[in-house]
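The residues of the chain are indexed from 1 along the displayed sequence.
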Amino acid sequence: MYATVLIVNEEPQVLESLSTSLGALGFQVVIAAGGQAALRYIHQNEFDVVVLDLHMRDTDPVGLLRQIKSLQPLTEVIFMTAHGGIAAAATGMRLGAFDYVLTSEAETELPYKILMGKTRKTQQEDKIKLVEKSLSGATS
């Protein structure tokens, strides 16, 4: 298994397509049809990467990004946007998103970006373990 991924999108066709293609590549994929469902999954499971659509009717994606980072600080978030949402994606990146992908390029670009996000998360986890080990050795 490459990474655990939560895909948040209100479009059933997008969820099905990405779930199928990413699953075929070995990713463990969970899908959520909106922000509330995504938060339920975030409370119950740890994810390496969350792929979050920037254009949902029931959810403020930047607010959801903040909640995800509050609950799982090391989980990387990738915004998915149509061509008109690049400015919002850039704002999201300033607020803690890892990257963004254009919806039209998601099938080809997303696997690579997910792997990069998982790598970054793993590096951060390793750094934390090293510091904890160092601190426990210093207090002994």
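- Applying the side-chain contact (heavy atoms from CB on, under 4.5 Å) rule to Ala37 yields the partners Ala32, Arg40; only residues at least two apart in sequence or on another chain are considered.
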Which side-chain N or O atoms in residues 124-131 pair as donor and acceptor under 3.5 Å with protein atoms at least two apart or in another chain?
unit_1, atom_1, unit_2, atom_2, d
Glu125, OE2, Lys121, NZ, 3.2

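- A 4.5 Å side-chain heavy-atom check between Leu64 and Asp60 finds every atom pair outside the cut-off.
- For Glu10 and Arg57, the salt-bridge test passes: some basic side-chain N is under 4.0 Å from an acidic carboxylate O.
- By the 4.5 Å heavy-atom criterion applied to side chains, Val50 and Val5 are not counted as neighbours.
- Residue pairs meeting the salt bridge (Lys or Arg N to Asp or Glu O under 4.0 Å) criterion with at least one partner in residues 12-36, sequence neighbours excluded, do not occur; the list is empty.
- In this structure a side-chain-to-backbone donor-acceptor pair under 3.5 Å is present from Thr4 to Asp48.
- For Asn9, the side-chain contact (heavy atoms from CB on, under 4.5 Å) test picks out Glu11, Val14, Leu15, Asp53, Met80, with sequence neighbours left out.
- Taking every heavy atom of both residues into account, Ala38 and Val8 meet most closely at CB-CG2, 3.6 Å.
- Evaluation of the side-chain contact (heavy atoms from CB on, under 4.5 Å) rule for Asn45 yields Tyr41, Phe47 as partners, not counting sequence neighbours.
- For Ser21 (side chain) and Ser17 (main-chain N/O), a donor-acceptor pair under 3.5 Å exists by modelled atom type.
- Counting only distance, with no hydrogens or angles, the side chain of Thr108 and the backbone of Glu105 share a donor-acceptor pair below 3.5 Å.
- Leu74 and Phe79 fall into different hydrophobic clusters, where Ile, Leu, Val, Met, Phe, Trp and Tyr are joined by side-chain heavy atoms under 4.5 Å apart, directly or via other members.
- For Thr122, the side chain to side chain donor-acceptor pair (under 3.5 Å) criterion is met by no residue, not counting sequence neighbours.
- The side chain to side chain donor-acceptor pair (under 3.5 Å) test applied to Lys113 returns Asp99, not counting sequence neighbours.
- Applying the side chain to side chain donor-acceptor pair (under 3.5 Å) criterion to Thr75, with sequence neighbours excluded, gives Gln72.
- Between Pro111 and Leu22 the shortest heavy-atom distance is CG-CD2, 3.9 Å.
- Ser104 meets the side chain to side chain donor-acceptor pair (under 3.5 Å) test with no other residue; sequence neighbours excluded.
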